Amino acid sequence: MPVVTRFAPSPTGFLHIGGARTALYNWLFAQHHARHGDGGTFLLRIEDTDRARSTQAAVDAIYDGLSWLGLDWDGDAISQFERADQHRAAAERLLAEGKAYKCYCSPDELSAMREAARAEGRKRMYDGTWRDRDPSEAPAGVDPVIRLKAPQDGETVIEDLVQGRVTVANEQLDDMVLLRADGTPTYMLAVVVDDHDMGVTHVIRGDDHLTNAFRQTQLYLALGWETPVFAHIPLIHGADGAKMSKRHGALGVETYRDDGFLPEALCNYLLRLGWSHGDDEIISTEQAIEWFGLDSVGKSPARFDLAKLTNLNGHYIREADDGRLVDLVMERLEQAHPGKLAKEARDRLFKGMAGLKERAKTISELTENSSFYAIQRPIEMTEKAAGHLGPEGSALLRDLRPVFADAESWSDEALMAAAKNFAEAGGIKLGAVAQPVRAALTGNTVSPSVFEIMDVLGREETLGRIDDALGGP
RNA sequence: GUCCCCAUCGUCUAGCCCGGCCUAGGACACCUCCCUUUCACGGAGGAGACAGGGGUUCGAAUCCCCUUGGGGACGCCA
């Protein structure tokens, strides 16, 4: 049977890390069935019924976030707000069938009930005042809400693919509001009607919705519809163990992009946060699509660990195509050093990328480590680097300059051979020779191999930088 | 408070469903060493966990119960 999943965020902010994982699981599940099953579709629905809190900017942030992660959805995104008529129709049908009723309770009465319920240690808040009351007793001039006439005995059961069978006594659940006094549908109603109309077969979402699933199941039953399969995945917690939410540590995916993380690294990390396939850690998207299933999703919440994400990111950077990395780095360099980049910047980065990418765990770090290639001379010198160019270092560098200048061929190997000879002749270590050169060439104490750098920079630029460090030719 | 869910190294997890192969495996982080022109990468090794208590059983990380701890939900928000 073909599978239909959906991701249904509310556009009240950015696409945060928890939402991204939910989207990923839904996408993966659909992809898995599309490629290895009877078909799979992944839909996107924007839950924008709360007009006051929904913004177009947030909707765009969700689109951008999903697109960046590579989680493409089928068809156009659906606006829940625009489907209000269908929601209303469902509620009215229930009303006509006697499965729902009008409730005229005022907000004051409701909060009194809520208080009473808490005081008595009950969960059920609404006492059903208008459930069986004669409509003729309705107070004049009060717009009623429509409530579901939910079963009061027995229990509601959901067979959750992640949580297993979960049961709750119906007496714990009160008659939920379907339509507000102003006639607009509530979330509970909208979700059920939309999921049904969209043909959603599997509802994969955060387990903060687990209790909603009970109410929704009652609604499906009342509407005479088959319930979808539920899969409530555990939430992601912050590094401190507290829940991660928009107000507590959860960052938008664009923040990770800005901090220099690759989408494939984030996806791989998010995938492993709560799902596993034996001891596998590095999992490609293709592999994930093949392997992903809801039965391997864990039931306990996981903490977000930036160190592991960073490590994974380093791996994907090393694997990444040089050209792609150059584009990413150039964009940042142009921003950071406007007008200061050498014309040869891009070419040098491309030539030097193999040595560069081994040493960076984020694109931000890669950019920083790459800047010495891109910036025009004279380059700036860090304090530590300057330390290698004291009297001793400078003297060494001065003696070394002609060795390089006279090198037979300007290649990595030839240059290193020349430096080695020089070091041996002087009875010093290669390392002692390399550091002043590194300082002169990069303005830093850490970099790829100095001979590789000389190769990339070329003869003229290299000697120029040495001269700069020596205070002139 | 009430209801629901969860519980293996610091973190993510394998193992649990179908008890013995577990003196509990892997990954990240950490420590030591090797490689080495710096830093990374890579390689070798180390430290590090079945929350506690009861059962069931010849035998429990694995099954049952309780306790404790954590989380989530209790809106005319989504």
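No experiment lies behind these values; they were computed from the predicted model shown. The analysis underlying the following values was restricted to heavy atoms, covering all of them including side chains, and did not include hydrogens, waters or symmetry mates. Residue numbering restarts at 1 for every chain, and letters A, B, ... go by the order of the sequence lines.
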Between B:C6 and B:A49, how far apart are the two P atoms, rounded to whole Å? 26 Å
When the P atoms of B:A47 and B:U2 are compared, how many Å lie between them, rounded to an integer? 46 Å
Sticking with atom P, work out how far B:G52 lies from B:U8, rounded to a whole angstrom. 11 Å
Over all strands shown, is A:F451 touching base, sugar-phosphate only, or nothing at heavy-atom distances under 4.0 angstrom? base
Mark yes when over 12 heavy atoms from residues, nucleotides or ligands other than A:D182 sit less than 6.0 Å from its CG; otherwise mark no. yes
Contact class for A:V166 (heavy atom, under 4.0 Å): base, sugar-phosphate, or nothing? sugar-phosphate
Counterpart residues, salt bridge (charged side-chain N to carboxylate O under 4.0 Å, His left out), relative to A:E461 (two or more places apart): A:R348, A:R465
A:Y316 ring center within less than 6.0 Å of A:F261 ring center: no
Atom C1', compared across B:U32 and B:U37: separation rounded to whole Å: 23 Å
Check whether the ring centres of A:F451 and A:W410 lie less than 6.0 Å apart, and answer yes or no. no
Per-nucleotide protein contact string for nucleotides 60-67 of chain B (B base, S sugar-phosphate only, - none; heavy atom under 4.0 Å): --------
Apply side chain to side chain contact (heavy atoms under 4.5 Å, CB included) to A:Y373 and A:L457, showing your working. CA-CA 7 Å; A:Y373 271 139; A:L457 250 23; 3.6 Å; yes
Please give the nucleotide sitting opposite B:U2 as a Watson-Crick or G-U wobble pair, both distances under 3.5 Å, or none. B:A73
Both distances below 3.5 Å, Watson-Crick or wobble geometry, any strand: find the nucleotide opposite B:C30. B:G46
How close or far is atom P of B:U38 from atom CG of A:L356, stated in whole angstroms? 18 Å
Of the candidates B:C39, B:U37, B:C3, the side chain of A:Q172 sits closest to B:C3
What interatomic distance, in whole Å, is found between P of B:G53 and the corresponding atom of B:G71? 24 Å
From A:L24 CG over to A:F7 CZ, what is the distance, rounded to the nearest 0.5 angstrom? 10.5 Å
Which one is paired to B:A7, where only Watson-Crick or G-U wobble pairs with both distances under 3.5 angstrom count? B:U68
Just checking A:L179: base, sugar-phosphate only, or nothing, at a heavy-atom cut-off of under 4.0 Å? nothing
Scan A:V168 against the nucleic acid and name what it touches under 4.0 Å (heavy atoms): base, sugar-phosphate only, or nothing. sugar-phosphate
Pairing donors with acceptors under 3.5 angstrom, does anything connect the side chains of A:H87 and A:D194? yes
Using a heavy-atom cut-off of under 4.0 Å over every strand shown, decide if A:A181 touches base, sugar-phosphate, or nothing. base
Which part of the nucleic acid, if any, lies within reach of A:P234 when heavy atoms closer than 4.0 Å are counted: base, sugar-phosphate only, or nothing? nothing
What is the pairing partner of B:G20, taking Watson-Crick or G-U wobble pairs with both distances under 3.5 Å in any strand? B:C58
In whole Å, measure the gap between the C1' atoms of B:C17 and B:C12 for me. 22 Å
Nearest-nucleotide pick for A:Q435, side chain only, options being B:A78, B:U37, B:C76: B:U37
Within the structure shown, what part of the strands sits under 4.0 Å from A:T310 by heavy-atom distance: base, sugar-phosphate, or nothing? nothing
Which nucleotide, in any strand shown, forms a Watson-Crick or G-U wobble pair with B:U38, with both distances under 3.5 Å? none
Using a 4.0 Å heavy-atom cut-off across all strands, classify A:R53 as base, sugar-phosphate, or nothing. base
May I ask you to check whether A:F292 and A:Y25 place their ring centres under 6.0 Å from each other? yes
Which residue, A:M188 or A:R114, contacts RNA chain B at a nucleotide closer to its 5' end, judged by nearest heavy atom? A:R114
Rounding to an integer number of angstrom, what distance separates B:G45 and B:A27 when you compare their P atoms? 11 Å
Under 3.5 Å, which N/O atoms of the protein pair with N/O atoms of nucleotides 6-8 of chain B?
unit_1 : atom_1 : unit_2 : atom_2 : d
B:C6   : OP1    : A:K299 : NZ     : 2.4

Closest to the side chain of A:D208, out of B:A78, B:A73, B:U13, is B:A73
Would you say the base of B:U38 and the side-chain of A:S447 have a donor-acceptor pair closer than 3.5 Å? no
Taking only side-chain N and O atoms of A:T49, does any of them lie within less than 4.0 angstrom of OP1 or OP2 on B:A78? yes
Answer yes when A:R6 and A:E47 have at least one side-chain N-carboxylate O distance shorter than 4.0 Å, and no when they do not. no
What is the distance from CG of A:D108 to P of B:G75, rounded to the nearest Å? 16 Å
Once you apply a heavy-atom cut-off of 4.0 Å, does A:T184 come out as touching a base, just sugar-phosphate, or nothing? nothing
On RNA chain B, check which nucleotide each of A:L430 and A:Y187 is closest to and give me the residue with the more 5' one. A:L430
What is the distance from atom CG of A:D48 to atom OG1 of A:T12, rounded to the nearest 0.5 Å? 11.0 Å
Compare the minimum distances between each of B:U13, B:C39, B:A78 and the side chain of A:E47, then state the nucleotide with the smallest one. B:A78
Could you tell me whether A:G274 contacts a base, only the sugar-phosphate backbone, or nothing, with contacts defined as non-hydrogen atoms closer than 4.0 Å? sugar-phosphate
Got a second to check how far A:L262's CG is from A:L312's CG, nearest 0.5 Å? 10.5 Å
Could you tell me how far apart A:M416 (CE) and B:U36 (C1') are, to the nearest whole angstrom? 11 Å
Going 5' to 3' through nucleotides 15-31 of chain B, assign each nucleotide B (protein heavy atom under 4.0 Å from a base atom), S (under 4.0 Å only from sugar-phosphate atoms) or - (no protein heavy atom that close). ----------BBBSS--
Atom C1', compared across B:A14 and B:G55: separation rounded to whole Å: 28 Å
Please find out if less than 6.0 Å separates the ring center of A:H202 from that of A:F29. yes
Reckon A:H232 touches a base, only the sugar-phosphate, or nothing at all at heavy-atom distances under 4.0 Å? nothing
Under the rule for salt bridge (charged side-chain N to carboxylate O under 4.0 Å, His left out), what residues qualify as partners of A:D85, not counting sequence neighbours? A:R88
With sugar-phosphate meaning primed atoms plus P, OP1 and OP2, does A:N212 contact a base, only sugar-phosphate, or nothing at under 4.0 Å between heavy atoms? base
Quick one: list whatever passes ring pair (Phe, Tyr, Trp, His ring centres under 6.0 Å) with A:Y104, sequence neighbours left out. A:W130
Aromatic contact, A:F14 with A:H16 (centres under 6.0 Å): no
From the candidates B:C12, B:C4, B:U38, the one with an atom nearest any side-chain atom of A:V446 is B:U38
